[in-house]
Amino acid sequence: MELYNTAAAAKAHLDLGPEVSLYVCGITPYAATHLGHAFTYHTFDVLTRLLMHDGHTVRSVRNVTDVDDDIFRVSRERNVPVDQLVASEMEIFHTDCHALNMIPVTHEPYASEAIDAMIARIAELVACGAAYVVNRTVYFAIDAFPAYGQVSHYDIPTMIALSRERGANPDDPDKRNPLDFILWQPEAPGEKSWDAPWSRGRPGWHIECSTLAETLLGLPVDIHGGGEDLIYPHHESEAAQAEACRKGVQFVRYWAHVSHVGYEGEKMSKSLGNLIFARDLRSRKGARAVRHFLAQYHYRTSWEYEDAKCEEASDEFARLDALCDGDVRIEDAAAEALASEVLHHLRNDLDTVGASLAIANSIERAHAANVSTGRPLRAVVEPLWELFGIAPPSPAATSAHGARQHGTDA
RNA sequence: GGCGACGUAGCCAAGUGGUAAGGCAGAGGUCUGCAAAACCUUUAUCACGGGUUCGAUUCCCGUCGUCGCCUCCA
């Protein structure tokens, strides 16, 4: 199959072995699960399903960032202990993922459980000269890693200029290069901290993912993905941390990034508070309709959530679903053609839009043709819908028409 | 500014070197005591300017415009 590789800035034919390693950056659990999260994990769920369909075994990791400025901040604001905040948000996230029929990941590590491994890698980087210590803080030295920029394609002067415009502080006197980033920072009052050779404190953000990926999957990771906002600096820095001082080691073979979902003219984000939550859509439309809705957008095209569009997709799904009822049949040749068309679209950079359209057209045609030979339409369509994560209707719902789309599955 | 995506009817959107699917909305109609639902019919100089070509919406160059990312973020 072909997938767009961010680092190559082009679609790449995936050259994969029987076992595929997949690392997807997970959530920072304090505002789960908004539509942007759902779209991102839906995308990688479809990818996983397709790879499995094509005979691969998929080993996947999705981390949980539970050591983070925002977690500590929200914990204070809501006056809830960090562990409790993380646990309750993760319960929501898991409930949403399960309800939306997402295949569970193989590993779901918490950053706080891998501190030792992070400290070990930071120590290696310091020892080999790719990192340095100032004021109990460890920085990664950009200048020791000439390939910095390989993922996002920014050149160093551009990145510096940008960081100035953005009001960051590239002039931090402790940094050797304005773009050097933190690997370890000293503890602040009220935050979780661990003992390390440089200070009691906590790791920087980027080191958690590269360490977890390396520890749980081994290098190189076949496919590493996440939201497109993570390309720079997060993924750029992950690659630097993993590859520095290791000649010939490649961190990731293919980078896949999912575009953002907007709402009311703004990017949907936790800091802006303009969130649509997965659980709300689910309870209003049903999990199957939500999955169908998400499939109407290509993962590399940014889009805007609109109630009307969601409504339309939901109605369309209900109509298509209803058209599969009764004894509608589809000719064997047409069924085979549909299956291969759907797979063709999905293997072309996960074109869920084209694949979804093919199914819709086939249902309409089969309904209009009204043939008496061939296979029952639903028996042909349901396995294809499952590639999109649209779960088969539950037996109870199937026997009670109309109830199907109202199940919350939670 | 850099990089990326993209500009097709009121809205969304598929697609092709030989004058363009579908959906929603709108309009008209069938049906109905009226209405709803359902069904039928109907709606486009394919952003602009060049170039290649017998012929481009589809290929190439340029222009304009929209959106996204750019050390909080999926």
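In the text below, chain A, chain B and the rest are named by the order of the sequence lines, each starting its count at 1.
Put simply, CD on A:E228 is 11 Å from C1' on B:C73, counting in whole angstrom units. Rounded to a whole Å, the CD1 atom of A:I92 is 15 Å from the P atom of B:A74. Separating the CG atom of A:D315 from the P atom of B:G22 is a distance of 20 Å, rounded to the nearest angstrom. For the pair A:Y305 OH and B:C12 C1', the interatomic distance rounds to 15 Å; values are reported in whole Å. What separates CD of A:Q296 from P of B:A13 is a distance of 11 Å, to the nearest Å. With rounding to whole Å, A:Y139 atom OH is found 18 Å from B:U71 atom P. Look at CZ on A:R300: it is 13 Å from C1' on B:C3, rounded to the nearest Å. To the nearest angstrom, C1' of B:A14 lies 14 Å from CG of A:N348.
Of the nucleotides present, B:C69 is the one that pairs with B:G2 by Watson-Crick or G-U wobble criteria, both distances under 3.5 Å. The partner of B:A56, taking Watson-Crick or G-U wobble pairs whose two distances both stay under 3.5 Å, does not exist in any strand shown. Across all strands shown, B:U30 is found opposite B:A38 as a Watson-Crick or G-U wobble partner, with both distances under 3.5 Å. Under the Watson-Crick or G-U wobble criterion, with both distances below 3.5 Å, B:G17 is left unpaired in every strand shown. Searching all strands for a Watson-Crick or G-U wobble partner of B:C11 with both distances below 3.5 Å returns B:G23. The partner of B:U45, taking Watson-Crick or G-U wobble pairs whose two distances both stay under 3.5 Å, does not exist in any strand shown.
Residue A:D70 is in sugar-phosphate contact alone, with no base atom involved, counting any heavy-atom pair closer than 4.0 Å across all strands shown. Among the heavy atoms of the strands lying under 4.0 Å from A:G26 are primed sugar atoms or P, OP1, OP2 only; no base atom is included. Counting non-hydrogen atoms under 4.0 angstrom, A:G226 reaches the backbone sugars and phosphates but no base. A:H34 comes within 4.0 angstrom of a base, heavy atoms only. Backbone-only contact: A:Y232 has heavy atoms under 4.0 Å from sugar-phosphate atoms and none from a base. Among the heavy atoms of the strands, none lies under 4.0 Å from A:E316. Residue contacts shown for A:T40 include a base, since a base heavy atom lies under 4.0 Å away. Contacts of A:L230 with the nucleic acid, taken as non-hydrogen atoms under 4.0 Å apart, involve only primed sugar atoms and P, OP1 or OP2. Heavy atoms of A:V24 sit nowhere under 4.0 angstrom from any nucleic acid atom.
For A:R329 (side chain) and A:V371 (main-chain N/O), no donor-acceptor pair under 3.5 Å exists by modelled atom type.
Nucleotides B:G15 and B:G68 have their P atoms positioned 24 Å apart, rounded to a whole Å. For the C1' atoms, the distance linking B:U8 with B:A44 amounts to 8 Å, nearest Å. Here, B:U16 and B:U58 have their P atoms 13 Å apart, quoted to the whole Å. Going from the P atom of B:A56 to that of B:U66 covers 29 Å, rounded to whole Å. B:A9 and B:G23 have their C1' atoms separated by 13 Å, given to the nearest Å. B:A47 and B:C40 are spaced 31 Å apart, taking the P atom of each and rounding to whole Å. Comparing B:G17 with B:A37, their C1' atoms are spaced 45 Å from each other, to the whole Å. The C1' atoms of B:C6 and B:C12 are separated by 15 Å, rounded to the nearest whole Å.
Ion pair A:R59/A:E19 flagged as a salt bridge, since at least one NZ, NE, NH1 or NH2 atom sits closer than 4.0 Å to an Asp/Glu carboxylate oxygen. The residues A:K11 and A:D349 are annotated as not salt-bridged, no charged nitrogen and carboxylate oxygen being separated by less than 4.0 angstrom. The residues A:R246 and A:E214 are annotated as salt-bridged, a charged nitrogen and a carboxylate oxygen being separated by less than 4.0 angstrom.
There is no side-chain donor-acceptor pair under 3.5 Å between A:E238 and A:S210.
Both tests pass for A:R300 against the ring of A:Y4: distance under 6.0 Å to the centre and angle within 45° of the axis. Both tests pass for A:R62 against the ring of A:Y41: distance under 6.0 Å to the centre and angle within 45° of the axis.
Side-chain N/O atoms of A:H260 include one lying less than 4.0 angstrom from OP1 or OP2 on B:C69. Between A:W303 and the phosphate of B:C12, there is no side-chain N or O to OP1/OP2 separation shorter than 4.0 Å.
Closest contact between the side chain of A:E312 and the listed nucleotides B:C24, B:A74, B:C67 involves B:C24. Of the candidate nucleotides B:G2, B:A21, B:A74, B:A74 has the atom lying nearest to any side-chain atom of A:D229. Relative to the side chain of A:Y41, the nucleotides B:A74, B:U71, B:A5 differ in distance, and B:A74 lies closest.
In terms of position on RNA chain B, the residue among A:C25 and A:K309 whose nearest nucleotide sits closer to the 5' end is A:K309. The 5' end of RNA chain B is approached more closely, in terms of each residue's nearest nucleotide, by A:D180 than by the other of A:D180 and A:H37.
No close placement of the A:F388 and A:H292 rings is indicated, their centers lying 6.0 Å or farther apart.
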